[in-house]
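Okay, structure first, notes after.
Whatever order the structure lists them in is the order used to number ligands and atoms, beginning at 1.
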Amino acid sequence: MRFLVTNDDGIYAPGIRALAETLTKYGEVVVVAPNQERSGVGHAITVNRPLRINKAALFPFIKESYIVDGTPADCIKIAIEALNVDVDIIVSGINIGANLGTDVFYSGTVSAAIEGIFQGIPSIAVSLCTNPYDTDIFLDTATYYLTHLLFELETPLPKHGLLNVNIPGIPQEQVRGIKATKLGFRKFENEFEQRLDPRGKPYYWMKGIPLKPVFDKDDDHLAVEHNYVSVTPIKFDLTDYELLKKLKKDFE
Ligand code: MN
């Protein structure tokens, strides 16, 4: 099996290393990842400047790895369309931090996987629900459940839909199981802190504080909150079919 690995935390992040290292036990791994952290860039692509690709020797245990000075979506595009990487499955992650509910629209990790399904390649996004300042980051928990999902799942990975996987940031033995979930909805209260630069000019820094979500019994937030691995199948078709029906009638 051939895997293409990327992320949005950048090629130097611990999550992508753990992921690549784990997947080498199951097949050939090619890493194509951003040169720096690109969390929160969503599905952005680079069109107004050239993209540079450098072969990296960062992962001695894998055949090929490339550093790209672009976004996660750029990395997938370049890997498939320029480097002609032959791949069976794209795995994006392991992101340090949850990508639940509406996060999927902002997440570079999930967007790389969405780019994967645009390319017709089964893709999976993996996030560990922890924060980078935690002293214990349980990447082992993430790799354990990811390999379980990749190799022991009865339902094959869809070509045009992806799995968004969120793993609780706790020791493996404390995880209660896996739940198939839907995307939840969590609002953020964004506070823009105003600061002054050395020249006295104000600038703003956004800090998002998640509000307590209103849980629905099937949603991804709730599963992780209860220490389950959350697996949400996602499609990129955002069409509102009910409204489409009504509008069709209106315009007839
Ligand atoms: Mn990230």
Side-chain angles (χ1 to χ4, degrees), residues 3-23 29 31-46 51 56 58-59 65-79 89-117 123-143 145-146 149 162-170 183-184 186 188 190 205-210 220-221 223-224 229-232 234 236:
F3 302 98
L4 172 59
V5 166
T6 195
N7 75 345
D8 78 359
D9 293 340
I11 200 158
Y12 305 102
I16 196 167
R17 195 184 177 87
L19 173 61
E21 206 164 351
T22 300
L23 292 178
V29 178
V31 174
V32 183
N35 62 344
Q36 63 176 82
E37 187 179 345
R38 299 287 182 157
S39 295
V41 299
H43 209 117
I45 50 169
T46 306
L51 280 170
L58 286 170
F59 302 106
S65 52
Y66 299 91
I67 306 179
V68 179
D69 65 342
T71 66
D74 286 331
C75 289
I76 297 301
K77 276 184 178 300
I78 275 206
I89 296 181
I90 292 172
V91 189
S92 180
I94 298 165
N95 188 64
I96 303 299
N99 278 311
L100 296 159
T102 43
D103 296 346
V104 301
F105 289 97
Y106 303 101
S107 164
T109 300
V110 178
S111 293
I114 293 174
E115 186 58 40
I117 56 169
S123 300
I124 182 162
V126 196
S127 304
L128 187 63
C129 305
T130 186
N131 78 65
Y133 315 108
D134 284 347
T135 42
D136 284 318
I137 291 177
F138 295 97
L139 282 165
D140 287 358
T141 309
T143 52
Y145 279 97
L146 172 68
L149 289 168
L162 69 98
L163 297 183
N164 184 40
V165 180
N166 279 277
I167 293 154
I170 53 176
L183 289 179
R186 181 175 58 170
F188 278 82
N190 289 326
W205 203 315
M206 182 171 74
K207 53 177 184 185
I209 301 150
D220 52 359
H221 292 103
V224 170
V229 171
S230 162
V231 179
T232 311
I234 294 179
F236 59 78

For Phe236, what residues pass the ring-ring contact (aromatic ring centres under 6.0 Å, His included) criterion, not counting sequence neighbours? Phe118

Test side-chain contact (heavy atoms from CB on, under 4.5 Å), reference Val5, set Ile16, Ile89, Thr22, output is Ile16

Ser39 OG and Asp9 OD1 subtending at the Mn ion (ligand 1) (10° steps): 90°

With the Mn ion (ligand 1) as the reference point, give the N/O/S atom of Asp8 that is nearest. OD1

2.8 Å cut-off met by an N, O or S atom of Asn95 to the Mn ion (ligand 1): yes

How long is the span from the OH atom in Tyr12 to the CD1 atom in Ile67, to the nearest 0.5 Å? 4.0 Å

Asp8: which of Ser92, Ser39, Ser127, Ser111 passes side-chain hydrogen bond (donor to acceptor under 3.5 Å, both in side chains): Ser39

